[in-house]
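See structure below.
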Amino acid sequence: MNNLLEVRNLKKYFPIKGGFFRRTLGHLKAVDDVSFSIPEGHTFGLVGESGCGKSTLGRAILRLHEPTGGEIRLAGTDISRLDAKQLVAQRRQMQIIFQDPYASLSPRRTVMQTLLEPLEIHGIGNAVSRKAKVLELLDIVGMRPNVLHRYPHEFSGGQRQRIGIARALTLDPKFIVADEAVSALDVSVQSQVLNLIARLQRELGISFLFISHDLAVVQHISHEIGVMYLGKLVEVASSTDLYREPRHPYTRALLSAIPVPDPDNRTQRMILQGDVPSPLNPPSGCPFRTRCPEAMELCAQAMPALKNIKNEGTAHQVACHLY
Ligand code: SF4
């Protein structure tokens with residue numbers, strides 16, 4: 001299967017300014033040397049605690065944050081090198097769904113105006129074909145045409161997220177970043193929106209980068225999963241392998257925190273000690289070593305590289321000195 005997205009050694013550093021002359025005193029490495037790929041029509045789940053850099057990574061891939069280094073190839077085009085004009089044309093192929101649909105929809109625009117806007121900006125079709133497209137989009141996300149002239153405040157959170165998804169689909173994108181797209185919704189509504197995203201991915205062949213702090217949510221929807229900690233990917237595997245055989249101690253701790261509804265299948269809960277260290281002053285060696293129950297002397301001295309630990313079958317990569 002061809003890769004739609006290929007990310008190689010992507011970095012996003014934010015300068016830390018200080019002093020009277022606002023000099024650059026150092027850099028916050030929000031995304032540090034991250035590489036992964038997403039095949040056509042696949043969903044790559046990206047998980048980690050808040051502040052691990054996953055949203056910055058999603059935005060850097062779309063160039064909503066300008067990357068500090070690395071390469072981003074979408075359908076073969078290196079979008080990290082495009083100038084502003086070329087990027088506008090490329091943006092049709094890549095969209096984002098935000099966490100808070102209320103904040104991402106203009107309160108003064110009706111559903112019709114919200115969905116027409118991208119078509120008008122890109123000069124696609126005429127008045128008749130645009131209206132037909134808007135009706136088609138509403139149908140895809142399971143909404144009726146009678147909502148066209150209503151405003152965002154007239155909808156529930158789940159309905160607003162459907163409108164946000166419809167807007168992301170307006171330009172027939174190949175790739176969508178869903179950034180905590182269901183985190184603000186009630187659990188019952190979450191599953192409806194997750195099912196909608198899974199259906200879109202299946203029926204329209206869109207590739208998704210699905211970002212969430214919740215491993216249980218990511219499992220539901222992803223083909224492959226990457227686990228992020230302090231700006232780095234620490235484990236990448238197929239969804240099945242990751243849940244059946246998690247290797248990195250951080251992944252094991254995240255998984256052990258997911259409640260299991262079966263009383264006969266209780267797993268030992270691993271409580272992570274301490275907080276995530278500040279990315280301004282990360283630990284030497286392995287970034288997870290200050291909280292890792294299996295840390296060794298070597299872990300403070302050398303950063304473990306992300307490497308493949310399977311010779312056959314599906315790829316399973318882990319960054320840990322235990323392997
Ligand atoms: Fe723990 Fe060491 Fe592995 Fe890091 S490299 S996860 S500190 S065992």
Side-chain angles (χ1 to χ4, degrees), residues 1-15 27-48 52-99 104 117-124 137 164-181 197 200-201 204-212 218 221-226 228 231-233 236 306 315 317:
M1 191 172 293
N2 293 334
N3 286 330
L4 178 79
L5 179 78
E6 290 190 32
V7 174
R8 293 284 162 259
N9 310 108
L10 189 64
K11 300 183 180 82
K12 177 60 196 174
Y13 299 169
F14 293 100
H27 287 93
L28 186 156
K29 298 181 176 179
V31 175
D32 195 13
D33 210 8
V34 168
S35 301
F36 67 99
S37 52
I38 309 181
E40 285 170 5
H42 269 214
T43 297
F44 186 94
L46 189 62
V47 284
C52 70
K54 53 193 190 306
S55 289
T56 307
L57 173 58
R59 283 167 167 73
I61 289 170
L62 299 179
R63 285 194 51 190
L64 298 174
H65 285 319
E66 211 46 59
T68 308
E71 194 177 282
I72 307 155
R73 287 194 171 272
L74 186 74
T77 303
D78 184 357
I79 56 172
S80 50
R81 313 253 181 273
L82 299 183
D83 62 28
K85 202 170 157 198
Q86 294 166 319
L87 194 56
V88 170
Q90 197 69 22
R91 281 245 156 83
R92 284 179 61 170
Q93 300 197 50
M94 45 188 199
Q95 296 292 320
I96 185 164
I97 303 167
F98 293 100
Q99 173 179 6
S104 66
E117 189 185 28
L119 298 170
E120 290 166 349
I121 289 174
H122 287 267
I124 296 169
L137 289 168
I165 292 170
R167 187 179 55 182
L169 295 174
T170 327
L171 301 172
D172 299 323
K174 291 182 178 154
F175 171 61
I176 294 180
V177 174
D179 187 5
E180 300 278 8
I197 292 176
L200 295 175
Q201 182 259 310
L204 305 178
I206 298 170
S207 301
F208 279 88
L209 176 66
F210 191 90
I211 299 172
S212 176
V218 169
I221 201 159
S222 306
H223 296 89
E224 293 91 28
I225 295 176
M228 219 172 156
K232 288 187 171 290
L233 279 177
V236 181
L306 188 69
Q317 296 173 289

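What's counted below: heavy atoms across the whole structure, side chains too, no hydrogens, waters or symmetry copies.
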Exercise. Could you walk me through whether L46 and I225 pass the side-chain contact (heavy atoms from CB on, under 4.5 Å) test, one step at a time?
Key: CA-CA 6 Å; L46 189 62; I225 295 176; over 6 Å; no
Exercise. Let me know which of V177, I211, I61 forms a side-chain contact (heavy atoms from CB on, under 4.5 Å) with I96.
Key: V177
Quiz item: In this structure, which one of Q93, E40, Q95 forms a side-chain hydrogen bond (donor to acceptor under 3.5 Å, both in side chains) with K174?
Solution: Q93
Quiz item: Any side-chain heavy-atom pair from E224 and S37 closer than 4.5 angstrom?
Solution: no
Quiz item: So which heavy atom on S212 is nearest to which on V218, and how close?
Solution: CB-CG2, 3.6 Å
Quiz item: Can you find a heavy atom in the side chain of L82 that is under 4.5 Å from one in the side chain of T77?
Solution: yes
Quiz item: What distance separates I176 CD1 from L209 CG, expressed to the nearest 0.5 Å?
Solution: 11.5 Å
Quiz item: Which distance, rounded to the nearest 0.5 Å, do you find between the CZ of R167 and the OG1 of T170?
Solution: 8.0 Å
Quiz item: Given side chains that start at C-beta, do those of T68 and V31 come closer than 4.5 Å, heavy atoms only?
Solution: no
Quiz prompt | Side chain proximity check, R91 to V88, heavy atoms < 4.5 angstrom | solution = no
Exercise. With the side chain counted from C-beta on, respond yes when V34 and N9 share a heavy-atom pair under 4.5 Å apart, and no when they do not.
Key: no
Quiz item: Any side-chain heavy-atom pair from I38 and F175 closer than 4.5 angstrom?
Solution: yes
Exercise. For residues F44 and V7, determine if any side-chain heavy atom of one lies less than 4.5 Å from a side-chain heavy atom of the other.
Key: no
Quiz item: Roughly how far, to the nearest 0.5 Å, is OG1 of T43 from CD of Q201?
Solution: 4.0 Å
Quiz prompt | Any donor-acceptor N/O pair, K54 side chain to G48 backbone, under 3.5 Å | solution = yes
Exercise. Check the pair M94, I79 against side-chain contact (heavy atoms from CB on, under 4.5 Å), reporting the backbone distance first and the verdict last.
Key: CA-CA 11 Å; M94 45 188 199; I79 56 172; 3.7 Å; yes
Exercise. Would you please test L5 and H42 for side-chain contact (heavy atoms from CB on, under 4.5 Å) and show each step?
Key: CA-CA 10 Å; L5 179 78; H42 269 214; over 6 Å; no
Practice problem: Please round to the nearest 0.5 Å and tell me the distance separating atom CG of L10 and atom CD of E71. | Solution: 10.5 Å
Quiz item: Does L87 offer a backbone N or O that forms a donor-acceptor pair with the side chain of R63 under 3.5 Å?
Solution: no
Self-check item: Point-to-point distance, once rounded to the nearest 0.5 Å, from CG of D33 to NZ of K11
Solution: 4.5 Å
Exercise. Determine whether T56 and H65 make a side-chain contact, defined as any pair of heavy atoms from C-beta on separated by less than 4.5 Å.
Key: yes
Quiz item: salt bridge (Lys or Arg N to Asp or Glu O under 4.0 Å) with E120: which residues, sequence neighbours excluded?
Solution: none
Quiz prompt | Parallel, tilted or perpendicular: rings of Y13 and H27 (30°, 60°) | solution = tilted
Quiz item: Which heavy atom in I97 sits nearest to a heavy atom in A168, and how many Å separate them?
Solution: CG1-CB, 3.9 Å
Quiz item: Can any side-chain N or O of S207 pair as donor or acceptor with the backbone N or O of G41 at less than 3.5 Å?
Solution: yes
Exercise. Mind checking the NZ-NZ spacing from K29 to K232? Nearest 0.5 Å is all I need.
Key: 7.5 Å
